[in-house]
> 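My structure is below; once you've seen it, I'll send some questions.
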Amino acid sequence: ELKVEQNPLFLSMQEGKNYTIYCNYSTTSARLYWYRQDPGKSLESLFVLLSNGAVKQEGRLMASLDTKARLSTLHITAAVHDLSATYFCAVDQGRSGSRLTFGEGTQLTVNP
Amino acid sequence: GAGVSQTPSNKVTEKGKYVELRCDPISGHTALYWYRQSLGQGPEFLIYFQGTGAADDSGLPNDRFFAVRPEGSVSTLKIQRTERGDSAVYLCASSLNAANTGELFFGEGSRLTVL
């Protein structure tokens, strides 16, 4: 059974600070996705990482994938309050169809 | 439409009742997925359609749950004899096709409360 673990599950940080969210998974080959979810809302796609060494950046967020270590990171640079949300990583084993296995989510709060 | 549309957005029902949840995917997306999200958890896979057929229904928890997509577009998730444990947000997602990047586009969800 594929397992996806995120840490930390809760993160409170000050505006302007940097931090990294980690996503470990148990399968050897995978595609990796990061989603953002605001309270009461659906999931918004942030990044799609398809191969080892993939790095993508959008604004203050940067995601990377190391398939050998079975690890993806979501790095936050100079956090702002608008980044407060829950962030999920999800893994797809690459079989036919995108059956995603999600982590538990990291609830991020950025304090002024 | 512009995005994945789900109705109803909220549904409150009594234990034992029958419920239908509807999903209208992004136009042209051939792959459609149903996930269930409990409070404080990540979404869990239920079923995946490629076109009209259910390509993978291994996530359906039991035979009270059933989903159809008769014309390859709109899908309905059907829950019989609802139980309190079925309370969750049911999310629908679509993608261009299963062999693409795999990026899913999610709807706002249908929040089901079983009293």
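Naming: A, B, ... by sequence-line order, numbering from 1 per chain. Only a predicted model underlies this, so the values are computations on that prediction, with no experimental measurement involved.
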> Please report the closest heavy-atom contact between A/F88 and B/G42, naming both atoms and the distance.
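That would be CE2-CA, 3.4 Å.
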
> Grouping I, L, V, M, F, W and Y whenever their side-chain heavy atoms are under 4.5 Å apart, do B/Y35 and B/Y48 come out in a common cluster?
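The answer is yes; both residues are in one hydrophobic cluster.
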
> Measuring from atom CG of A/L50 to atom CD of B/E103, what distance do you get when rounded to the nearest 0.5 angstrom?
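Interatomic distance, A/L50 CG to B/E103 CD, rounded to 0.5 Å: 9.5 Å.
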
> Just jot down the side-chain contact (heavy atoms from CB on, under 4.5 Å) partners of B/Q41, sequence neighbours excluded, or say none.
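With neighbours one apart ignored, the set is A/E104, B/S38.
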
> Would you confirm whether B/Y33, through its side chain, and A/L100, through its main-chain N or O, come within 3.5 Å as a donor-acceptor pair?
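Not confirmed, B/Y33 side chain does not pair with A/L100 backbone.
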
> For A/M13, I'd like to know if atom CE has over 12 heavy atoms of other residues, nucleotides or ligands within 6.0 Å.
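For A/M13, atom CE is crowded (more than 12 foreign heavy atoms under 6.0 Å).
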
> Does B/Y18, at its OH atom, have more than 12 non-hydrogen atoms belonging to other residues, nucleotides or ligands within less than 6.0 Å?
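Yes, because the 6.0 Å sphere around OH of B/Y18 holds more than 12 heavy atoms from other groups.
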
> Pick one of side chain, backbone, both or neither for A/Q37, based on which atoms fall under 4.5 Å of a heavy atom in chain B.
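When you check distances to chain B, only side chain atoms of A/Q37 fall under 4.5 Å.
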
> Take atom CG of B/L39 as the centre, draw a 6.0 Å sphere, and report whether it contains more than 12 heavy atoms from other residues, nucleotides or ligands.
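Counting neighbours around CG of B/L39, 12 or fewer heavy atoms of other residues, nucleotides or ligands fall under 6.0 Å, so no.
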
> Indicate if B/F105 and A/L46 have the same hydrophobic cluster label, given that clusters are the connected sets of ILVMFWY residues with side-chain heavy-atom separations under 4.5 angstrom.
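B/F105 and A/L46: separate clusters.
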
> Who pairs with B/D57 by salt bridge (charged side-chain N to carboxylate O under 4.0 Å, His left out), at least two apart in sequence or on another chain?
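Once residues adjacent in sequence are excluded, B/D57 has no partner under the salt bridge (charged side-chain N to carboxylate O under 4.0 Å, His left out) criterion.
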
> For A/L43, is it the side chain, the backbone, both or neither that has a heavy atom under 4.5 Å from a heavy atom of chain B?
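Contact with chain B: backbone and side chain both.
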
> Select all residues of residues 78-87 of chain B having any heavy atom within less than 4.5 Å of some heavy atom of chain A, and report them by number, or 'none'.
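From residues 78-87 of chain B, none sit under 4.5 Å of chain A.
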
> Check the surroundings of atom CZ in B/R111: do more than 12 heavy atoms from other residues, nucleotides or ligands lie under 6.0 Å from it?
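No - once you tally the heavy atoms of other residues, nucleotides and ligands closer than 6.0 Å, there are 12 at most.
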
> Report all side-chain donor-acceptor pairs from residues 73-85 of chain A shorter than 3.5 Å, counting only partners two or more places apart or in another chain.
| unit_1 | atom_1 | unit_2 | atom_2 | d |
| --- | --- | --- | --- | --- |
| A/T73 | OG1 | A/S64 | OG | 2.7 |
| A/H75 | ND1 | A/Y19 | O | 3.3 |
| A/H75 | ND1 | A/T20 | OG1 | 2.7 |
| A/H81 | ND1 | A/V110 | O | 3.0 |
| A/S84 | OG | A/H81 | O | 3.0 |
| A/S84 | OG | A/V110 | N | 2.9 |

> What's the shortest heavy-atom distance between A/S42 and B/F106, and which atoms?
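Closest heavy-atom pair between A/S42 and B/F106: OG-CB, 3.2 Å.
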
> Shorter than 4.5 Å, heavy atoms on both sides: which option in B/E44, B/Q6, B/E108 has the most such pairs with chain A?
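That would be B/E108.
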
